[in-house]
There are 2 protein chains.
Amino acid sequence: MEATPAKKTSRIQTRNRRRILEAALEVFSQQGFRGATLDQIADAAGMSKPNLLYYYESKEAIHVQLLNALMEKWLAPLDHLDPAGEPLDEILGYVRRKMEMSRRFPRESRLFANEILQGAPRMHPHLQHRLKPLFDTKCALLRRWMDEGRLAKADPAQVLISIWALTQHYADFDTQVRILVPDESAGWRAAQDHVLTVVRKLLTPAPPAPAASTLR
Amino acid sequence: MEATPAKKTSRIQTRNRRRILEAALEVFSQQGFRGATLDQIADAAGMSKPNLLYYYESKEAIHVQLLNALMEKWLAPLDHLDPAGEPLDEILGYVRRKMEMSRRFPRESRLFANEILQGAPRMHPHLQHRLKPLFDTKCALLRRWMDEGRLAKADPAQVLISIWALTQHYADFDTQVRILVPDESAGWRAAQDHVLTVVRKLLTPAPPAPAASTLR
DNA sequence: GCGATTTTTTACCGTTTGGTCAAGCCACGA
DNA sequence: TCGTGGCTTGACCAAACGGTAAAAAATCGC
C-alpha cells in the first residue's frame, strides 16, 4: 500500500537482466555454483562485474533466480499428464516432452543436476513443497490407471523416477554419450525411440488373457 | 635403471595417502573440483594443509588420482559380462552389480557425475581409450545375442546407456529420491526390483511364436 | 641412545574471489 | 539547454584460495 512504490523495470533493465541470466545459466550449468565466478558471468553477459552486481545483489541471488525459473519449467510437463486421457498415450507423451526438454534445454538440466548433486542446498524447500505434492498426485493417478488394468502394474514412484533418469541422462551425461555414440544427427532420434520403447514395454498392460495360454 | 631409486612407501605414508583420498572423495563428490578447497580436504583428513601437500603435489593431483582409481572400479562390472553365459542372466547380473555399486559407492558415482557434467576435462582421454573400446566390445556382444534371438532386438548402445542412467540415478540424485520416496529401508530393494523389471521387460525375447496367435 | 631421515607444523606469499564505493556517463523530459 | 536520475565504470578491499619455505618434531635404523 505504499504510494506508487517505484518506477517499474525499464526496457534496459529487462534486457540486461535477461542477458545476465542467460550468461549465468551458461556458466553455472557448466561449472557449478562455486566453480562459476562473477567475472566469467559478467564476461559472458558482455558487461562489467560491478554493473552485474547493480542488477543482482549477489552471486547467490542470480543462482536462486535461475533455480526458481527452472523449477517452473521443469514441473510443467508433468503437470500436463491428463487424468482423462488414454494412460499409455499420456505417459509416452510425457516422455516425449521430457526428451524434448533434454535436447533443447541441456543447460537447465545440468544446472538442476549440479544442484541436486550437491545436496540441493538451495532447492530443498522447492522440492519438498512444489515437486513432492505434484509427484504424489501423479503417482496416485498412475496407481489408479494400473488398478483399472489400463497400465501394467509397477511401483508408480519408481516409474516416474526412471523416466527422469532415462531422459535427463542424455542432457547431463551428454559428454559421455557423445564419446560412445558419435553419431551426430541420428543420435537424438535413436535415443528418443529407445526411451519410448523402454517405457512402452514397461507399462503396456498384459492382454485381457482370453484363455489359458500364458502358461507355456 | 637408477641405482636403487628410493625407499618405497612407508607404513605411515600409505595410511596418510589413504586418509587423504578418502577425505578428498568425500569433499570432491559433494562440491565438485572447483567447489572443494584444500582446507576442507585437509580438515576431513585430520591433517594440516601443508602436510596434505607433502603427500600430493597439488589439488589436481589428488583429483586425478581419484579419477584414475574410479575408472577401474567403474569398468569392472561391465568387464564381467560373460559371452558364454545366458544372455538375460548376464545382463540382469550386470544391472544388479551396478545397483549394488550405486548403493555402496554413491560418492564415487557422484564424483564421476561431477566430472562428466563439467565436460570431463580430466577424464576425456580415459573415456575415449578405456571406456569406448570396452563399450564397443559389449555392444557387439549384445548385438550377437540379439541376432541369435536370445535377447529382444534393441539398439545395444542405447541399452547400455539406459542401464547406466537408471542405476546411477539412484546415487547421483539421491537427495531428490529421498525426498520423493522417504521410505528408508525398503527404498533400495524397491529400486533394484524395479530396475531389474525394466531391463527384463526390455530385453526378454519374444517367445518362438508356435503358431498364429499373436495377431488377435 | 644417536644420527639421519621422514613427517609435521608455523608462518607466509601471490593470486583470485565476491563485493563495495565514489565518481562518471548518458538518455530524456522540462 | 540543462538538470536529474537511472546506468556504467575503474579503483579498490578484505577474505579465501592454492601453494611454498624452513624449521621443529617424530620416527627409524643401528
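Proteins come first, then strands; the chains are lettered A, B, ... in the order of their sequence lines, and each starts at number 1. In this text the structure is predicted, and so the values were computed from the model without any measurement.
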K.L.:
Looking at A/Arg34, I'd like to know whether one of its side-chain N or O atoms comes within less than 4.0 Å of OP1 or OP2 on D/dC17.
P.N.:
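Looking at the OP1 and OP2 atoms of D/dC17, one of them is under 4.0 Å from a side-chain N or O of A/Arg34.
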K.L.:
Base, sugar-phosphate alone, or nothing: which one does B/Ala42 contact when heavy atoms must sit under 4.0 Å apart?
P.N.:
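B/Ala42: no heavy atom of the nucleic acid under 4.0 Å.
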K.L.:
Using the closest heavy atom to pick a nucleotide of DNA chain D for each, name whichever of B/Gln40 or A/Tyr55 lands nearer the 5' end.
P.N.:
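Nearest nucleotide further toward 5': that of A/Tyr55.
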K.L.:
Return whichever of B/Arg11 or A/Asn16 has its heavy-atom-nearest nucleotide of DNA chain D closer to the 5' end.
P.N.:
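It is A/Asn16, whose closest nucleotide lies nearer the 5' terminus.
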K.L.:
Figure out the CG/P separation between A/Asp39 and D/dT9, and round it to whole Å.
P.N.:
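Distance, rounded to whole Å: 14 Å.
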K.L.:
Roughly, in whole Å, what's the span from CG in A/Leu53 to P in D/dC13?
P.N.:
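Distance, rounded to whole Å: 18 Å.
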K.L.:
Could you check whether any side-chain N or O of B/Glu90 sits under 3.5 Å from a backbone N or O of B/Leu81, counting only pairs where one atom can act as donor and the other as acceptor?
P.N.:
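Here the side-chain-to-backbone pair does not exist.
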K.L.:
Starting from P on D/dG6, measure out to CZ on A/Arg17 and report it in whole angstrom.
P.N.:
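From A/Arg17 CZ to D/dG6 P: 13 Å.
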K.L.:
Please report the distance, rounded to the nearest Å, between CG in B/Leu52 and P in C/dT8.
P.N.:
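Taking CG of B/Leu52 and P of C/dT8, I get 11 Å after rounding.
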K.L.:
Which part of the nucleic acid, if any, lies within reach of B/Leu38 when heavy atoms closer than 4.0 Å are counted: base, sugar-phosphate only, or nothing?
P.N.:
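It contacts sugar-phosphate atoms only.
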K.L.:
When you get a sec, tell me which of D/dT8, D/dT20, D/dG18 is the closest nucleotide to the side chain of B/Lys49?
P.N.:
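Looking only at side-chain atoms, B/Lys49 lies closest to D/dG18.
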K.L.:
Reckon A/Tyr56 touches a base, only the sugar-phosphate, or nothing at all at heavy-atom distances under 4.0 Å?
P.N.:
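A/Tyr56: no heavy atom of the nucleic acid under 4.0 Å.
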K.L.:
Does NZ or CZ of A/Arg122 fall inside the cone over A/Phe33's six-membered ring, less than 6.0 Å from its centre and within 45° of the axis?
P.N.:
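A/Arg122 over A/Phe33 ring: yes.
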K.L.:
Compute whether any side-chain donor of one residue and acceptor of the other, for B/Tyr170 and A/Gln158, lie under 3.5 angstrom apart.
P.N.:
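Yes.
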K.L.:
Could you state the atom-to-atom distance from CD of A/Gln31 to P of C/dT16 in whole Å?
P.N.:
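Rounding to the nearest Å, CD of A/Gln31 and P of C/dT16 are 16 Å apart.
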K.L.:
If you compare every side-chain N and O of A/Tyr54 against the phosphate oxygens of D/dC7 (OP1, OP2), does one of them come in below 4.0 Å?
P.N.:
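For A/Tyr54, the contact criterion (side-chain N or O under 4.0 Å from OP1 or OP2 of D/dC7) is met.
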K.L.:
Reckon A/Gln13 has a side-chain N or O less than 4.0 Å from the OP1 or OP2 of D/dC7?
P.N.:
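A/Gln13 to D/dC7 OP1/OP2: side-chain N or O found under 4.0 Å.
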K.L.:
Between C/dT7 atom C1' and B/Arg19 atom CZ, what is the distance in whole Å?
P.N.:
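Those two atoms, CZ and C1', are 13 Å apart.
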K.L.:
Over how many whole Å does the gap from B/Asn51 atom CG to D/dA26 atom C1' extend?
P.N.:
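Value for this atom pair: 12 Å.
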K.L.:
Please report the distance, rounded to the nearest Å, between CD1 in B/Ile20 and P in C/dT7.
P.N.:
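These atoms are roughly 11 Å apart.
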K.L.:
Which of these nucleotides, D/dT8, C/dT8, D/dA11, is closest to any side-chain atom of A/Pro50?
P.N.:
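Nearest listed nucleotide: D/dA11.
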K.L.:
Of all the choices, D/dC7, C/dT8, D/dC17, which nucleotide is nearest to the side chain of B/Thr37 once you look at every atom?
P.N.:
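Nucleotide nearest to B/Thr37's side chain: D/dC17.
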K.L.:
Using a strict cut-off of less than 4.0 Å between a Lys/Arg side-chain nitrogen and an Asp/Glu carboxylate oxygen, indicate whether B/Arg97 and B/Glu100 qualify as a salt bridge.
P.N.:
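No, this pair does not count.
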K.L.:
Checking all strands, does B/Ser48 fall into the base, sugar-phosphate, or nothing category for heavy-atom contacts under 4.0 angstrom?
P.N.:
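Base contact.
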K.L.:
With B/Trp164, which of B/Phe112, B/Trp74, B/Tyr94, B/Phe135 fulfils ring pair (Phe, Tyr, Trp, His ring centres under 6.0 Å)?
P.N.:
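Going through B/Phe112, B/Trp74, B/Tyr94, B/Phe135 one by one, the ring pair (Phe, Tyr, Trp, His ring centres under 6.0 Å) with B/Trp164 is satisfied by B/Phe135 alone.
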